[in-house]
Every structure is written in structure tokens, then in C-alpha cells.
Amino acid sequence: MTRKHYFLFNSTQDAIKSESICREAKIPVTVVPVPRELSSECGIAMESGPEVLSAVKEALNRNHIPFRHTEI
Amino acid sequence: MKATVNAKGQKCPVPLIMTRDALSKAEPGDTLIIEIDNPTSRQNVERFLKDNNASVSVSEKEGLFVLTAVKMEENLKRPDAEAYCPTSHVVLFRNNLMGTGPEELGAILMQAFVNTLSKVEPIPSALLFYNNGIHLAVEGSPVLPALQELEKKGVSLLVCGTCLDYFKSKGRLRAGRVSNMYEILEKLTLAGHVIEP
């Protein structure tokens, strides 16, 4: 099975900002609930394919948004 | 003519939709062989076939049900196959935001909602879009890939034509098809239950 990449954030505001940054930069990401394996709390995460990982990381770093990248 | 419907591994309402499509294409006198591997779908599909005046016989072998049906009449009396699925539910989008509150929060929640729809079993039989909800199905919507995936799985996506017209978005529809009040009301009436994000 292919592994999926998730970006987790400190706040919902950061998740909203990150989605909008990726959308403007035309980086394809999918907004999803934080997977149950990662947290039982309600949260928003971004899922991405491996081919855009570095683009996402770079865009978030450039905008000083702290995130945690994980794969499951 | 003989046609085979392989609905193995499919959950309600997919076997019903596959059967309906095959039965619609068949001519009177044609035989359909429908293979199903769960007893609930077998019952639903059998009921659907009988209500549409097809003759049905069923055999079972090691958990696999084979329904042999002969089409008797040209037109289907009860074409709404999804209604035969007891868990059949529809999702109603009357807005492009989830819940009431700040727009940016409603928008991100809606994306997460739509992107999760195909991951939670059973999947809905139909998605209905009207008023601001239609923006989810038109060009530029961030949830188009998820909607198109649901469509591929056999979910009907019905989008209010009046609303597309009002928003001058008719040429920008990218998921689902243009529908009308009759069809939307019919889906709501026949739904087991309705979910509104």
C-alpha cells in the first residue's frame, strides 16, 4: 500500500492559511480531517502526494507556518 | 442476449445501480446474470428485479449468490434502484460552507467533509446541490477530485439547474449533472435519511 503524507498544524487558523497558500501556489493538496490514527481530536490536516512534498514544505517554511509532516 | 453483472465486493447501493443500468440496456427476453457476495444486496437486488417485472431465480454457492433474471418489459417501473438500499442516504449541499460561522472556517470544514465522504461506509447514494451549494461542483472548486471520485463509484450528483443559471455557471459545471426540482425532490423523498453538512 502506498503511504500517505500528512501535514499537521498547531491551530485551525494555520491549517486554513496553509491551504490558501498551497492553492495560490497551485500545489495540489487535499484538506482532510486529521486521521484517527494520529489524533482523536477534531482537527484539519493536509494530505499530499510524495511528488509535491518539498514544494509544500518550502511554501509553509517561507510563510513561517509551523507544521509537522508525518506519513502513515 | 446474455449479460453478466459482476457486483462482487460491492456494497449497497452499487450492486443495485449496476443491475439497474444493465436491466435498462437489456431488451425484453434478455437474460442477466448478477453475481453478488453479500446477502443484504442479494435481497435488495432480487426485490428490485421483481418490482421491475423481471423473472428471477437465485442460486448460492460458498457465499456467492448468482441471480438469473429475464427482462420481461421494455420500461422499468421502478428505476430508482438506490431506494432499494435500506441504508441509502443522500447528502444535501445547500451551501458551500459547513455549518454557520466564519466563512474561512466553514470553507475548510466543507473541504474536509467532502474529501472524507468516500472514506466512510456506506457511501451515500446521491449528493444534491442547490443555492450556494452548487459552487462546490463548478470550476475552481477545491473538492472537484473528491466529487468526481464519488461519481465514479456510482453516486448520483444532481446540481440545481436554476441555481447554475442564476450564478451564470452552467458552462462551468465540472462534477455531476444539471438537474431539476422534480428529481431533487424525488431523491429527498426516497432517501432513507438526509445528511446536511
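Values below: every heavy atom of this structure, side chains too, minus hydrogens, waters and symmetry copies. In the text below, chain A, chain B and the rest are named by the order of the sequence lines, each starting its count at 1. Computed from a predicted model, the values in this text were never measured in an experiment.
Of the charged side-chain nitrogens involved, at least one lies within less than 4.0 Å of a carboxylate oxygen, so that B:E196 and B:R94 count as a salt-bridged pair. Ion pairing between B:K187 and B:E82 holds under the 4.0 Å rule for side-chain N and carboxylate O.
Aromatic ring pairs are classed by plane angle as parallel below 30°, tilted from 30° to 60° and perpendicular above 60°; the pair B:F93 and B:F113 is perpendicular.
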Residues B:E46, B:V58; criterion side-chain contact (heavy atoms from CB on, under 4.5 Å); working and verdict: CA-CA 8 Å; B:E46 189 178 350; B:V58 186; 3.8 Å; yes

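Here the options are B:L117, B:V155, B:V91, the test is side-chain contact (heavy atoms from CB on, under 4.5 Å), and the partner is B:I123; only B:V155 passes.
The structure places OH of B:Y84 at 6.5 Å from CZ of B:R47, a figure rounded to the nearest 0.5 Å. For the atom pair B:T4 OG1 and B:I33 CD1, the distance stands at 5.5 Å (nearest 0.5 Å).
Near-neighbour residues of residues 21-31 of chain A relative to chain B, defined by a heavy atom under 4.5 Å from a heavy atom of that chain, comprise A:T30, A:V31. Interface residues of residues 43-70 of chain A toward chain B, defined by a heavy-atom distance below 4.5 Å and sorted by number: A:I44.
With B:S141 contributing its side chain and B:A137 its backbone, the two residues share no donor-acceptor pair below 3.5 Å. In this structure a side-chain-to-backbone donor-acceptor pair under 3.5 Å is missing from A:K17 to A:S20.
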